[in-house]
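Count residues from 1 along the sequence.
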Amino acid sequence: VSQDKIAGLPSEVLLQIFSYLNPKELCRCAQVNSQWSQLAMDGALWKNILPVRWAQGDWSSVPTNSEDVEDIVQDDDEGTYVTVDEDADFDESESSGYSDERDSYEVSRSVLRIRREAKMLDGISKYLIPMVGRGVETLMLSQSKGLNNAVVYRLLSNTPNLKHLDLSLTKVSDIAFKGFGKNGTGKHLKYLNLTGCTSMTDATLKRLSLAISAPLVNEEPNGETIEGQSCSRGGCGRYSCGVISIDELSKDKNGKPKSQCAIRTVSSDSYAVHLNHTGQGTRPGAGLCRTGRQRGGVHERHSVCQGSSRAPDTSYRTESCCGSVNGSDDAHRTSCCDILISDRSCESIDHQTVNQSSRLEFLSLAGCYKITDAGLRYLATNGGQRHLKHLDLSGCANVTSAGLNQLAAACPSLDHEEFFYCDNISEGPYANTASGCQNLQCKHLVCCRSGE
Ligand code: FES
């Protein structure tokens, strides 16, 4: 195929072709011209980031689980990689400095590999992730020796749609996890493996709890935020359904701020007035308000307040917080927000039903011995962990039955066989059905019975 024919291919076709390339090949394509650069950096092509593997010369983008990784990576006594990949790229510049000092042979290949991994991680976090981060769903960093807090922080801060995060057996600490919650990172998380992150404390669990229970904000393809999915206090002191601030919603279609939000009560006994989301008049309604219908090109939301004295399906035409949405003149309608007129009504909302709670299904904190009951309490708050099935607290010898029971009560989906905690806790939850500590025979992970 001639170069001209390739250059003439439509972007959609090129994108499809690029989807068959590995990360290394994509990076090369990105250097061809600006069009290819833009396509190669499409977030859809970078769903899985696997730097540990890539640094070993395996450029596959298909994630494996931690167990598989353990099969190919082993630790020697100094905690460095000892596997040798003869086909891996080798950065000669890294060794030349050592050869100048005539001691290159004293530097093990594993150390060089760690240096290369660290370099790759630095480059990925600084240059790649800021461009493709929104498309990233999986970050596999298990057993990375080249990882540091700054890299993890940058990675987390730029991956708002992250679903799968594996940081097991790494040296990261609380500082790294300050990336949770940045730009929304954490609210899509389903799998989180922090096994062996021994420096981690309750501070990370607090941050994690806030991040994973943050309400979703749907976005239209152009990136415009259209609605939130939970109740939170709006800037005007009343509850507003949606994480979008009143100020954000009070912008006109050109993005200019509208006048100050003003909540007007429809009637004194109204419990809820809710979203007439009318920005373009034809947007599909989704999310928070459980019922709705298209009417006159405008998506109307219905009451979400169970405590309302009105029929649940009563459609309130809101008086709007930010523009005229009442009446028939759609042309004057502007984007608005859900507003609950009375605080009492907001309290009556079942926050669980508005999709506010965590989506986490797998959480391993095995060997994170610094966490305490206080940390578990953070996880039990903010709606709890409704979807959590797997919870590994093996080696967490500083938690007690009180903390465990509180957390277990907030995890209704927990599979007892996948619930692990210290054998020495006699009055823990599901004492007869939960599993015991998994760290008893593990030399890498902390256990209060080590050495017995
Ligand atoms: Fe107590 Fe392992 S932490 S048995």
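Smallest separation of non-hydrogen atoms from I371 and L205: CG2-CD1, 3.9 Å. Among all heavy-atom pairs drawn from N382 and S209, the shortest one is ND2-OG, 3.0 Å. The nearest pair of heavy atoms linking D423 to G436 is OD1-CA, 3.1 Å. Counting all heavy atoms, side chain and backbone alike, V446 lies closest to G367 at CG2-O, 4.1 Å. Scanning all heavy atoms of the two residues, the minimum distance from C447 to L440 falls at SG-CD2, 3.7 Å. Smallest separation of non-hydrogen atoms from A176 and N149: CB-OD1, 3.3 Å.
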For a ring pair (Phe, Tyr, Trp, His ring centres under 6.0 Å) check, start with the C-alpha distance between F18 and Y20, then their side-chain angles and the critical distance, and finish with the verdict. CA-CA 5 Å; F18 283 4; Y20 295 103; over 10 Å; no

Hey, mind stepping through H416 and S435 against side chain to side chain contact (heavy atoms under 4.5 Å, CB included) and telling me if it holds? CA-CA 7 Å; H416 297 191; S435 299; over 6 Å; no

Could you give me the CA-CA distance, side-chain angles and deciding distance for S401 and S426, then say whether side chain to side chain contact (heavy atoms under 4.5 Å, CB included) is met? CA-CA 8 Å; S401 57; S426 55; over 6 Å; no

Does the pair T204 and Y378 meet the rule for a side chain to side chain contact (heavy atoms under 4.5 Å, CB included), with working shown? CA-CA 10 Å; T204 289; Y378 289 128; over 6 Å; no

For V136 and L162, what are the C-alpha separation, side-chain angles and deciding distance, and is it a side chain to side chain contact (heavy atoms under 4.5 Å, CB included)? CA-CA 6 Å; V136 174; L162 195 61; 4.1 Å; yes

Determine, step by step, whether R449 and N424 satisfy the side chain to side chain donor-acceptor pair (under 3.5 Å) criterion, reporting the C-alpha distance in whole Å, the side-chain angles of both residues, the deciding distance to 0.1 Å, and the verdict. CA-CA 9 Å; R449 290 190 172 173; N424 287 349; 2.7 Å; yes

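With a 4.5 Å cut-off on side-chain heavy atoms, L388 and S413 do not count as touching. Residues H444 and T195 are not in side-chain contact: their nearest non-hydrogen atoms beyond the backbone lie 4.5 Å or more apart. The shortest side-chain heavy-atom distance between L121 and S144 falls under the 4.5 Å cut-off. At least one side-chain heavy atom of D42 sits under 4.5 Å from a side-chain heavy atom of L15. With a 4.5 Å cut-off on side-chain heavy atoms, T159 and N183 do not count as touching. In this structure, the side chains of Y153 and I175 stay at 4.5 Å or more apart for every pair of heavy atoms. The closest side-chain heavy-atom distance from L192 to S364 is not below 4.5 Å. Looking at heavy atoms from C-beta onward, F177 lies in side-chain contact with M200 at the 4.5 angstrom threshold.
For the residue pair N398 / T372, no side-chain donor-acceptor distance below 3.5 Å is found, with atom types taken as modelled. For the residue pair S61/N48, the side-chain donor-acceptor check at 3.5 Å is not satisfied. Side-chain contact annotation: S358 with R386, donor-acceptor N/O pair under 3.5 Å absent. Between the side chains of Q143 and S168, not a single donor N or O lies within less than 3.5 Å of an accepting N or O. At a cut-off of 3.5 Å, with distance as the only test, no side-chain donor of T138 or H164 sits close to an acceptor on the other residue. A side-chain N or O of S394 and one of D392 form a donor-acceptor pair less than 3.5 Å apart.
Between the side chain of Y421 and the backbone N or O of P429, at least one donor-acceptor pair lies under 3.5 Å. In terms of modelled atom types and a separation under 3.5 Å, the side chain of N439 and the main chain of C442 share no donor-acceptor contact. Here the side chain of T185 pairs no donor or acceptor atom with the backbone of G181 at under 3.5 angstrom. A donor-acceptor pair under 3.5 Å is absent between the side-chain atoms of W46 and the main chain of P23, judged by distance alone. Distance alone, capped at 3.5 Å, places no donor-acceptor pair between the R134 side chain and the N158 backbone. The main-chain N or O of A55 is found under 3.5 Å from a side-chain atom of R116 such that the two form a donor-acceptor pair.
Taking the six-membered ring where the residue is Trp, H390 and F420 present tilted rings, their angle falling between 30° and 60°.
With sequence neighbours excluded, the residues forming a side chain to side chain contact (heavy atoms under 4.5 Å, CB included) with V13 are L9, P10, I17, listed by chain and number. For D373, the side-chain hydrogen bond (donor to acceptor under 3.5 Å, both in side chains) criterion is met by T400, not counting sequence neighbours.
In summary, R154 and D122 engage in a salt bridge, as defined by a charged side-chain N under 4.0 Å from a carboxylate O.
The structure places CG of N33 at 10.5 Å from CD of Q38, a figure rounded to the nearest 0.5 Å. The distance from the OG atom of S450 to the CG atom of L445 is 9.0 Å, given to the nearest 0.5 Å. One finds the CG atom of D202 at 8.5 Å from the CG atom of D174 (value rounded to the nearest 0.5 Å). In this structure, H188 NE2 and N161 CG are separated by 4.5 Å, a value rounded to the nearest 0.5 Å. Here the CG atom belonging to L139 is positioned 8.5 Å from the CG atom belonging to L50, to the nearest 0.5 angstrom. Between L26 atom CG and S37 atom OG the span is 11.0 Å, to the nearest 0.5 Å.
Annotation: Q35, atom CD; neighbour count of heavy atoms from other residues, nucleotides and ligands within 6.0 Å is above 12. Heavy-atom neighbours of E25 CD from other residues, nucleotides or ligands within 6.0 Å: above the threshold of 12.
Applying the side chain to side chain contact (heavy atoms under 4.5 Å, CB included) test between N193 and each of L169, L167, D166, L165 identifies D166 as the sole match.
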